[in-house]
Each structure stands twice: as structure tokens, then as C-alpha cells.
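Notes for the one structure printed next.
Here, residue 1 is the first one in the sequence, and each next residue gets the next number. Scope of the values below: all heavy atoms of this structure, side chains included, with no hydrogens, waters or symmetry mates. Here the structure is a predicted model, which means the values were calculated and not measured.
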Amino acid sequence: MASVSRDANGTKRVLFTDGDGERRSVRLGRVPAKYAESFKLRVEALLAAKELHQSPDAELSAWLRDLPERMYARLARVGLVESRSKAAVVTLSGLL
């Protein structure tokens, strides 16, 4: 179960309890309440998939793929997703 919290300065964050029972949060910044609620629902879906040792469904995977690097890194920092790996740069000289 996750919840949306509003800080005194107007920023929002999603609070949740991970599988180890530790309270975690993902800061969203100054976003509309609808965006924060939508983000919370997706965090709950990620938690459920992680607890059941399953991959996220296609819709959630597409959302993760399109998520900006900054927000994706925040999810990775709290252990909801694996960090993105950088693509290796292959040059012609490296191949030869």
C-alpha cells in the first residue's frame, strides 16, 4: 500500500513500505495531484510484481521505458526497479 504525501513547500512524494518492512519515499516535486495519484498506483503495481517475483505487465513496462531518467533513477534508488544500463559504444576501431 502506498500513499501520497504533500510537503509544506508544496512538493509531493509517494510513501510506501518495501518487502523488508522499511518505509521508503519517492519525491515527485511540484506536480498536480492527479499525476501523483497515478504515480502512486504504478508504484503499488511495481511492489506487487516484485513481491510475487513477476515481471511488470506490458503497460507498466511501457510506462517505465518512457519515464525520464531522473524519475527512473529515483525508483531504482529505492529498489523498485533495476538501474538502467548504459549502452556500450561500439566503434569501428574497436571492432577491428
(message) Are Thr11 and Val31 packed together at the side-chain level, in the sense that at least one heavy-atom pair is separated by less than 4.5 angstrom?
(response) no
(request) Find out whether Arg30 and Asn9 are in side-chain contact, i.e. whether some heavy atom of one side chain is under 4.5 Å from a heavy atom of the other. (result) yes
(request) Answer yes or no: does atom CZ of Arg23 have more than 12 heavy-atom neighbours from other residues, nucleotides or ligands under 6.0 Å? (result) yes
(message) For Glu82, I'd like to know if atom CD has over 12 heavy atoms of other residues, nucleotides or ligands within 6.0 Å.
(response)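 Not buried by this count: 12 neighbours or fewer within 6.0 Å.
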Out of curiosity, [X] [atom1] to [Y] [atom2], how far, rounded to the nearest 0.5 Å?
| X | Y | atom1 | atom2 | result |
| --- | --- | --- | --- | --- |
| Arg74 | Leu80 | CZ | CG | 13.5 Å |
| Arg65 | Leu60 | CZ | CG | 11.5 Å |
| Ser25 | Lys12 | OG | NZ | 15.0 Å |
| Thr17 | Met1 | OG1 | CE | 10.5 Å |

What are the two closest heavy atoms between [X] and [Y], and how far apart are they?
| X | Y | result |
| --- | --- | --- |
| Ala76 | Ser83 | CB-CA, 4.0 Å |
| Phe16 | Val78 | CZ-CG2, 3.7 Å |
| Pro56 | Ser61 | O-OG, 3.4 Å |
| Arg84 | Tyr72 | CG-CE2, 3.2 Å |

(request) With sequence neighbours excluded, tell me which residues meet salt bridge (Lys or Arg N to Asp or Glu O under 4.0 Å) with Arg27. (result) Asp7
(request) Just jot down the side chain to side chain contact (heavy atoms under 4.5 Å, CB included) partners of Asp66, sequence neighbours excluded, or say none. (result) none
(message) Test of understanding: clusters of I, L, V, M, F, W, Y form through side-chain heavy atoms closer than 4.5 Å, transitively. Do Leu28 and Leu15 belong to the same one?
(response) no
List the atom pairs, donor and acceptor, that lie under 3.5 Å between side-chain atoms in residues 32-48 and the rest of the protein, sequence neighbours left out.
unit_1 : atom_1 : unit_2 : atom_2 : d
Glu37  : OE2    : Lys40  : NZ     : 3.2
Ser38  : OG     : Arg42  : NH1    : 2.8
Glu44  : OE2    : Ala2   : N      : 3.1

